[in-house]
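Below you'll find the structure, written out as structure tokens, and then a few comments.
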Amino acid sequence: MKNSTLIKGSAAIALGAALLLGGGGTLANWNAEASTAPGTIVSGDLDVQTATGTWADRNGTTIPDIKAYKVVPGDKLTFKQDLTVTLHGDKMAANVTTAGVTPTNGFTATNVSVSPVALTVGSAALANPLVAAAGTQTVTATVSFEFLSSTTGRTDVNKSYNFNDVAFQLTQVAKP
């Protein structure tokens with residue numbers, strides 16, 4: 001009998017507490033919420049594309065097919081290649097370099113002069129690193145080959161000079 005009274009008393013206390021906490025009692029449970037839209041992160045771009053380069057003779061006359069052109073002592077040929085460079089990004093900068101300039105040369109070394117590849121933007125020498133621009137930038141790569149007029153006799157008749165594959169690389173660097 002005493003246990004029954006104790007159980008009934010405990011149940012009444014628990015019921016009262018439950019009513020106070022969840023059923024309209026005086027205890028408050030505040031909450032608040034706010035939202036924001038941090039936005040969307042979008043990546044930039046780094047790319048280099050080449051178009052078909054052109055060969056020209058000393059007078060600037062375009063040579064349509066360099067394989068069909070036969071050089072003679074005194075000729076100077078120039079190859080120009082435009083690179084379309086895309087650099088997009090708030091902290092984007094990149095160095096432009098050439099690689100793979102490893103000619104296969106059948107000429108006598110003293111009879112030819114080959115310039116290193118020169119990179120220009122407009123008429124100015126390339127100032128690495130290039131920095132981002134809204135659109136694309138054009139970098140021109142130029143190399144010249146001269147069959148020296150000092151060549152004598154039949155030296156270097158039917159020889160070839162193959163520039164092999166030349167690559168142009170963009171490498172991202174810290175923005176200056």
Quiz item: For the residue pair D75 and R58, what are the closest heavy atoms and their distance?
Solution: C-NH2, 4.0 Å
Self-check item: Check: Q172 side chain, L46 main-chain N or O, donor-acceptor pair, under 3.5 Å
Solution: no
Exercise. Decide whether T78 and S144 meet the rule of one side-chain donor and one side-chain acceptor closer than 3.5 Å.
Key: no
Practice problem: Please assess N164 against T104 for the test side-chain hydrogen bond (donor to acceptor under 3.5 Å, both in side chains), listing each intermediate value before the final yes or no. | Solution: CA-CA 7 Å; N164 297 324; T104 302; 3.2 Å; yes
Self-check item: Non-hydrogen side-chain atoms of T86 and T136 separated by less than 4.5 Å
Solution: yes
Practice problem: Classify the ring geometry between F163 and F145 as parallel (under 30°), tilted (30 to 60°) or perpendicular (over 60°). | Solution: perpendicular
Quiz item: Just checking, any donor-acceptor pair under 3.5 angstrom between side chains of N31 and E33?
Solution: no
Quiz item: Near D90 CG, under 6.0 Å, is it more than 12 heavy atoms from other residues, nucleotides or ligands?
Solution: no
Quiz prompt | Beyond-backbone contact of I66 with L77, side-chain heavy atoms, under 4.5 angstrom | solution = yes
Quiz prompt | Distance flag, aromatic centroids of F107 and F147, threshold under 6.0 Å | solution = yes
Quiz item: What are the two closest non-hydrogen atoms of A93 and A174, and how far apart are they?
Solution: CB-O, 4.2 Å
Quiz prompt | Any T54 side-chain heavy atom under 4.5 Å of F79 side chain | solution = no
Quiz item: For residues T140 and D82, is any side-chain donor paired with an opposing acceptor at under 3.5 Å?
Solution: yes
Quiz prompt | Distance (rounded to the nearest 0.5 Å) between L83 CG and L119 CG | solution = 7.0 Å
Practice problem: For residues Q137 and V131, report the shortest heavy-atom separation together with the two atoms involved. | Solution: NE2-O, 2.9 Å
Practice problem: Compare all side-chain heavy atoms of L130 with those of V121 and state whether any distance is below 4.5 angstrom. | Solution: yes
Exercise. For the residue pair D57 and Y69, establish whether any side-chain heavy-atom pair is separated by less than 4.5 Å.
Key: yes
Exercise. Look at atom CG of D165 and say whether more than 12 heavy atoms of other residues, nucleotides or ligands are closer to it than 6.0 Å.
Key: no
Self-check item: Member of L170, V139, V96, L87 meeting the side chain to side chain contact (heavy atoms under 4.5 Å, CB included) criterion with V48
Solution: L170
Self-check item: Heavy-atom pair with the smallest gap, counting every atom of A141 and V117
Solution: CB-CG1, 4.0 Å
Exercise. Could you tell me the separation between the OG atom of S160 and the NZ atom of K70, rounded to the nearest 0.5 Å?
Key: 9.5 Å
Self-check item: Least distance between heavy atoms, A133 atom then H88 atom
Solution: O-CD2, 3.1 Å
Quiz item: How about K175 and M92: do any of their side-chain heavy atoms sit closer than 4.5 Å?
Solution: no
Quiz item: P73 and side chain to side chain contact (heavy atoms under 4.5 Å, CB included): which partner among D156, L148, T151, V112?
Solution: T151
Quiz item: Counting only heavy atoms not in N158, do more than 12 fall under 6.0 Å of its CG?
Solution: no
